[in-house]
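Notes follow once the structure below has been shown.
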Amino acid sequence: MKTVYIPAGETVKYESLVTENLVVDGCLKVVYGVKARSISGKGVISAGTVYADDISIGEIEAAAVVCVRAAAKRIDAPEVYASESLAVSCFLSAAYVETGKLTVALSDVDEAKADEIIHLPRVHTSLLAMLVVSFFRSLRARFFGKPAEEELLDADFEPFYKKAVTEESKTEEKPEAEETDEELNRIVGLFKLSREAGYTLRLIPGTPEENAPVFDFVAETIVQKAA
């Protein structure tokens, strides 16, 4: 079918629909997906997915909308992809929007990726008025707008200088650890081992090595030599 027309006041249901031109003045409900070269009309489309080159419709409710250009009064879809432009005159509800130029009056969008975003006052409810105002505002912003130099409000960002200082501090060399005193560790180890075994180490000042006490392993006693 080259053209499918849904008259005003009628509701038509399909499991899936593929056509060249789709005109919806009534209500179209599709379980799975709609694929068309162009979609137009003043009606409502409810579908799983909507694929088209050009869309100019009253309202779309879908799981995903993928197109080149789209203009609608209302769009309710978790994901919306319009490679060139997306214009919504009344309300746009989406989790993720990706397009070249986004023109919208009211919106509830979690994340938007666009080269240009234009917010219109709510008085422009018709699609034609919205597109005209969007065109002139885009020209004014392109030729007379100045790049913003102030910090953005209500935006999460990390200053560049802070990030540079943090990375520089990470690259700084850590001070080398002091050399370990093995002799001190050996004495401390002997002290702990003796204390656990019930003995006490005692230092005798001025005692020559030949007069130092000797441990008799047979009798398990310490023999004190004469000084």
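A donor-acceptor contact shorter than 3.5 Å links the side chain of Thr99 to the backbone of Ala82.
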| field | Verdict with supporting geometry, Val104 and His119, side-chain contact (heavy atoms from CB on, under 4.5 Å) | value | CA-CA 5 Å; Val104 65; His119 293 277; 3.9 Å; yes
| task | Would you please test Val65 and Ile60 for side-chain contact (heavy atoms from CB on, under 4.5 Å) and show each step? | result | CA-CA 9 Å; Val65 177; Ile60 295 180; 3.9 Å; yes
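The shortest side-chain heavy-atom distance between Val97 and Asp110 does not fall under the 4.5 Å cut-off.
The hydrophobic clustering, which links ILVMFWY residues whose side-chain heavy atoms are closer than 4.5 Å, places Val23 and Val12 apart. Tyr51 and Tyr81 fall within a single hydrophobic cluster, where Ile, Leu, Val, Met, Phe, Trp and Tyr are joined by side-chain heavy atoms under 4.5 Å apart, directly or via other members. Hydrophobic clustering keeps Val88 apart from Val68 (ILVMFWY residues linked when any side-chain heavy atoms are closer than 4.5 Å, directly or through intermediates). Using a 4.5 Å cut-off between side-chain heavy atoms of Ile, Leu, Val, Met, Phe, Trp and Tyr, with links allowed through other members, Val4 and Ile55 fall into the same hydrophobic cluster. Residues Tyr96 and Val109 do not share a hydrophobic cluster, clusters being chains of Ile/Leu/Val/Met/Phe/Trp/Tyr side chains in contact below 4.5 Å.
Shown here for Pro78 and Ala63, the closest heavy-atom pair between the two residues is CD-O, 3.1 Å. Here the closest non-hydrogen pair linking Gly43 and Ile57 is O-CG1, 3.7 Å.
With sequence neighbours excluded, the residues that form a side-chain contact (heavy atoms from CB on, under 4.5 Å) with Phe91 are Arg74, Ser93, Leu106, Asp108.
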Which pairs would a plain distance check flag for residues 24-42, meaning a side-chain donor or acceptor within less than 3.5 Å of a matching protein atom at least two apart in sequence or in another chain?
{"residue": "Asp25", "atom": "OD1", "partner": "Lys42", "partner atom": "N", "Å": "3.2"}
{"residue": "Asp25", "atom": "OD2", "partner": "Tyr5", "partner atom": "OH", "Å": "3.2"}
{"residue": "Arg37", "atom": "NH2", "partner": "Asn21", "partner atom": "OD1", "Å": "2.9"}
{"residue": "Ser38", "atom": "OG", "partner": "Asn21", "partner atom": "OD1", "Å": "2.8"}

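The CD atom of Glu59 sits 8.5 Å away from atom SG of Cys90, with the distance rounded to the nearest 0.5 Å. How far CG of Leu17 is from CD1 of Ile6: 7.5 Å, rounded to the nearest 0.5 Å. Separating the CD1 atom in Ile118 from the OG1 atom in Thr103 is a distance of 4.5 Å, to the nearest 0.5 Å. Between the OG atom of Ser46 and the CG atom of Asp76 there is a distance of 9.5 Å, given to the nearest 0.5 Å. In this structure, NZ in Lys101 is found 11.5 Å from CG in Leu86, a value given to the nearest 0.5 Å.
Lys2 and Glu20 are not joined by a salt bridge, as no carboxylate oxygen comes within less than 4.0 angstrom of a charged side-chain nitrogen.
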